[in-house]
J.: 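Let me begin by handing over the structure; questions about it come next.
Keep in mind it's a predicted model, so treat the numbers as computed, not measured. Order of listing sets the numbers, starting from 1, for every ligand and every atom in it. Values below: every heavy atom of this structure, side chains too, minus hydrogens, waters and symmetry copies.
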Amino acid sequence: MSLPRIVVMEQDAIRDTANVLRELKLDGDGLIVCGKHTCAFGRQIEGFLKNEYPAEVLVAGSAIMAEVERVASHAVDKSFIVAVGGGKTIDIAKLASVTANLPFISVPTAASHDGIASMRASIRLSEGTQSIEAQTPLAIIADTRIIAQAPHRLLAAGCGDIISNYTAVKDWELARKLRGEEFSEYAAALSLMSTEIIINSASQIKPNLEDSARLVLKALVSSSVAMGIAGSSRPASGSEHKFSHALDVIAPKPALHGEQCGVGTIMMAYLHDGDWQRIRQALQSIGAPVNARDLGIEDQYIVQALLHAKDVRPERYTILGEGLTRKAAEELARVTMVVG
Ligand SMILES: [Zn+2]
């Protein structure tokens, strides 16, 4: 099992960064990696660390391998990497920390997907965006004041990523039954609990509220812990993630990862004979997309992504099995009100 050692989740948590580093018994210089829009927070952390942990602040760009290597090259004489930002920055720094063989501390500025706490990172390769195994953050410092200020769209996307555990676990159960795949009851239960909490609290997830941010953060961290227990992304990634990865390749302008996964969950829940309407309602009440129009993606790409989803990570068995026919894909998208 690979789990974070310390999770701080409160208002002004970034002020605690030096305490966290001390508790982790880290010493030496640090590398603070931030994004273009999160650099102010990176500099604040540098200020909080000043006397005890001298740090270099580095602005990261696109989530591509060249950027991972550039960040890793800045880490050669450092003892730890702190990533301050949303998805991209965390992904780049997480992968660079593996290359540089350094502990990694995640300081998310938005709660848009479970990558802020998990061992996986998304990176753009020539064959499309891929989720690859990196390392679990040694600590997560989530400042609820900062996260509540992020655009609501990001928090709603985070809810979509959590709600996708619903079908991810159903796919995992299916793979256990049909393929004898190894299954963890604990990981599955924890993963589903995160989804249930978000669905049951959907009406309380509102823009710019620290309580909402905290609720979603806890669920994202629990999802990542479920993955840490399982030793794979199985508890939080199934057919709905395959659909989202297919859309990333097919759609001219893809939406956010969690937004696409949420819409994918509605459709995959229907295939599983699950309560897809309850999922749709929860996403709608949170303000997350529930159809092609909300995603800003044309209907035809939704159907194409449904047809190609089975080819994404083919070794991961899901309800998509050998794939849908075009007629079945169109029907699925129409019945669940995703298109039309
Ligand atoms: Zn995800």
J.: Output every pair passing salt bridge (charged side-chain N to carboxylate O under 4.0 Å, His left out) with a member in residues 153-176, not counting sequence neighbours, ordered by first then second residue.
T.: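 Counting only pairs at least two positions apart or across chains, the salt bridge (charged side-chain N to carboxylate O under 4.0 Å, His left out) contacts touching residues 153-176 are R153-E259, R176-E185.
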
J.: Could you pull out all donor-acceptor pairs under 3.5 Å where a side-chain atom in residues 23-39 meets a protein atom, sequence neighbours excluded?
T.:
unit_1	atom_1	unit_2	atom_2	d
T38	OG1	G35	N	2.8
T38	OG1	G35	O	3.4
T38	OG1	V84	O	2.9

J.: For T265 and E240, does a side-chain donor sit closer than 3.5 Å to a side-chain acceptor?
T.: no

J.: State the count of protein N/O/S atoms located less than 2.8 Å away from the Zn ion (ligand 1).
T.: 3

J.: Side chain of S62, backbone of I64: donor and acceptor closer than 3.5 Å?
T.: no

J.: Verify the distance criterion only: is there a donor paired with an acceptor across the side chains of D248 and Q260 at less than 3.5 Å?
T.: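 Side-chain D/A pair, D248 to Q260: present.
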
J.: For Y53, enumerate each residue passing the ring pair (Phe, Tyr, Trp, His ring centres under 6.0 Å) test, keeping only those at least two apart in sequence or located in another chain.
T.: F80

